[in-house]
**Student:** 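Structure incoming, see below.
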Amino acid sequence: MNEITHGADLAVRTVTVSYGNPPSAALANVTLTVPSGSVTAVLGPSGCGKSTLLRVIAGLTQPDSGLVTLDGVDLAGVAPHKRGIGLMAQSNSLFPHLTVGGNVEFGLRMLKVPSRTRRTRVAEVLELVGLPGWQDRLVTSLSGGEAQRVALARTLAPAPKVILLDEPLGALDRSLRDRLVPELAELFALLSVTAVYVTHDQDEAFGIADQLVVMNAGEIVQSGSPATVWAEPDSEFVARFLGCSNIVDANLQVLPAGTDRSTGRVLARSDSITLEPRSAADSAVAVIRSIAFRGGRCTVVVALLDGDTALEASIPSADAGALMVGELVGVRVDSVGVRAI
Ligand code: ADP
């Protein structure tokens, strides 16, 4: 399968892009390395510069300063279609007047690949994305998930060294996304393609990434392995963006002995909070405000009686069955999930 595509080391060095008058930076001094064959997820809120970063890598936007290299070669002056980089854009951008096969071979035509090679390649990539023999189907007859597979096949057809995906599953519903993320991760691993995957959805990012990059306002605010970024967010922004709402006063009594209180605020990960039937030994008591089931885990919001601070606990749903809104519970916070911020 590796003849279909192969990776290359991608590097972005101190790239700045500004728009408007007075200029404001859509990207400010962004530096990023994506090793060959690995997947980097770029995670950040709308407007933080994710698409601009992809457009710079693809050669569609010229940076004001900085450079992009592939295997150490500066891409400045290399036209987008000659970069060996495939971009799968945000919206469903299939051509409605072409068949599935016509869409998938589009890039190959641009590259003047002979028709017989085109046919073989189209068959290969359609098989790869789980749509073998779909060449003659009409694009207008596809479901959202199928259309995304075709768009992916179209991106893979010219055997790019790097593929850039801009919110590829953004238009799909949650359950379909949950199914497609592991499929995509498996496919990327099989192809050893270098991939940059832009999303504002943390579950998607965690499901796909070897490296996670978090952006805010044009800057990379943290990068590292998903496990590290999850366990050790550097800032309140990153912690909140990853879904941790427990950023609390470091002097709260409920926090375990040994908590670093020097910064005044600490993050207490929701999966480190345990709720127990109330007993005389409890150091902290809270009232349950809400209970929300989310599959195997359940989010319970409690308010500490002492000071009324709200805490969000993520507990196995099996343990939540006996809990009731309004009930008093003992609260314990495990030190592994506590971090000065
Ligand atoms: P994201 O993909 O994270 O939503 P974008 O890269 O699309 O963010 O945009 C980053 C910032 O740059 C935004 O403030 C956006 O309005 C601005 N921007 C992007 N493209 C242009 C453009 N062509 N002209 C002017 N401003 C732009």
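Order of listing sets the numbers, starting from 1, for every ligand and every atom in it. These values consider heavy atoms only, across backbone and side chains, with no hydrogens, waters or symmetry-generated copies.
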**Student:** Return yes if a side-chain donor-acceptor contact under 3.5 Å exists between Ser245 and Glu312, otherwise no.
**Tutor:** yes
**Student:** State if Gly49 counts as touching ligand 1 under the rule of any non-hydrogen atom under 4.0 Å.
**Tutor:** yes
**Student:** Does any N/O atom on Gly47 come nearer than 3.5 Å to any N/O atom on ligand 1?
**Tutor:** yes
**Student:** Are Arg118 and Phe106 in a cation-pi setup, meaning NZ or CZ lies under 6.0 angstrom from the ring centre and within 45 degrees of the ring axis?
**Tutor:** no
**Student:** Using a 4.0 Å heavy-atom cut-off, which part of Ser24 comes near ligand 1: side chain, backbone, both, or neither?
**Tutor:** neither
**Student:** Which atoms from ligand 1 have a heavy atom of Cys48 less than 4.0 Å away?
**Tutor:** 1 (P), 3 (O), 8 (O)
**Student:** Please indicate whether Asp64 has more than 12 foreign heavy atoms, meaning atoms of other residues, nucleotides or ligands, lying under 6.0 Å from its CG.
**Tutor:** yes
**Student:** Can you list the ligand 1 atoms lying under 4.0 Å from a non-hydrogen atom of Pro45?
**Tutor:** 3 (O)
**Student:** Could you list the residues that satisfy ring-ring contact (aromatic ring centres under 6.0 Å, His included) with Tyr19, not counting sequence neighbours?
**Tutor:** none
**Student:** Which of the atoms in ligand 1, numbered in the order shown and given with their element, are less than 4.0 Å from a heavy-atom of Lys50?
**Tutor:** 1 (P), 2 (O), 3 (O), 4 (O), 6 (O), 8 (O)
**Student:** Side chains of residues 208-218: which donor-acceptor pairs under 3.5 Å do they make with residues two or more places apart or in other chains?
**Tutor:**
from, atom 1, to, atom 2, distance (Å)
Asp210, OD2, Val39, N, 2.7
Gln211, NE2, Thr33, O, 3.1
Gln211, NE2, Thr40, OG1, 2.8

